[in-house]
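Everything below concerns the one structure shown next.
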Amino acid sequence: MDITVYSKPLCVQCDATKRALNKAGVAYDVVDVTEDAEALAHIKSLGYVQAPVVITGEDHWSGFRPDKIKAVVATAGAAAPRRTAAV
């Protein structure tokens with residue numbers, strides 16, 4: 001699953017979101033909207049005016065949302081290939 005965190009410097013909610021994703025072992029890309037005008041325009045076109053904006057394959061949200069992060073972790077775990085024990 002591709003996850004992108006649209007972030008900005010000195011953003012408490014952005015840092016909390018990235019920490020939670022790191023703790024869960026979820027891979028993601030970070031885009032600094034203060035350096036990427038197209039990225040800023042993209043998240044504004046989605047109706048967001050607050051960072052971070054997190055976009056996953058099927059969902060997107062703004063702000064630090066532990067509930068959404070848990071759902072992403074659960075989905076990522078379900079999508080991972082299952083390992084079978086060697087006999």
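- Residues T56 and W61 form a side-chain contact, since some pair of their non-hydrogen atoms from C-beta on lies under 4.5 Å apart.
- Checking side-chain atoms of N22 against main-chain N and O of K18 turns up a donor-acceptor pair under 3.5 Å.
- Taking every heavy atom of both residues into account, A51 and S62 meet most closely at N-OG, 4.5 Å.
- Annotation for K8: atom NZ does not count as buried by contact number, only 12 or fewer foreign heavy atoms lying within 6.0 Å.
- Between V72 and V54 the shortest side-chain heavy-atom distance does not fall below 4.5 Å.
- Here the closest heavy-atom approach between residue T17 and residue G63 is recorded as OG1-O, 3.9 Å.
- Ring-plane geometry between H42 and Y6 is classed as tilted, the angle between the planes lying from 30 to 60 degrees on a 0 to 90 degree scale.
- The neighbour count for D2 CG, taken as heavy atoms of other residues, nucleotides or ligands under 6.0 Å away, does not exceed 12.
- Tracing side-chain contacts under 4.5 Å through hydrophobic residues (I, L, V, M, F, W, Y), one reaches V30 starting from I3; they form part of the same cluster.
- Residue pairs meeting the salt bridge (charged side-chain N to carboxylate O under 4.0 Å, His left out) criterion with at least one member in residues 47-58: none, sequence neighbours excluded.
- The CD1 atom of I43 sits 11.5 Å away from the OG1 atom of T4 when rounded to the nearest 0.5 Å.
- When every heavy atom of Y48 is checked against every heavy atom of H60, the shortest pair comes out as OH-ND1, 2.6 Å.
- Counting heavy atoms from C-beta on, the side chains of C14 and V5 never come closer than 4.5 Å.
- Taking CG from D32 and SG from C11, the interatomic distance works out to 10.5 Å, rounded to the nearest 0.5 Å.
- Taking both residues in full, the closest heavy atoms of V26 and Y28 are given as O-CD2, 3.2 Å, listed atom of the first, atom of the second, then distance.
- Side-chain contact between F64 and I69: present, with at least one pair of heavy atoms (C-beta onward) separated by less than 4.5 Å.
- L21 and I55 fall into different hydrophobic clusters, where Ile, Leu, Val, Met, Phe, Trp and Tyr side chains are chained together by heavy-atom contacts under 4.5 Å.
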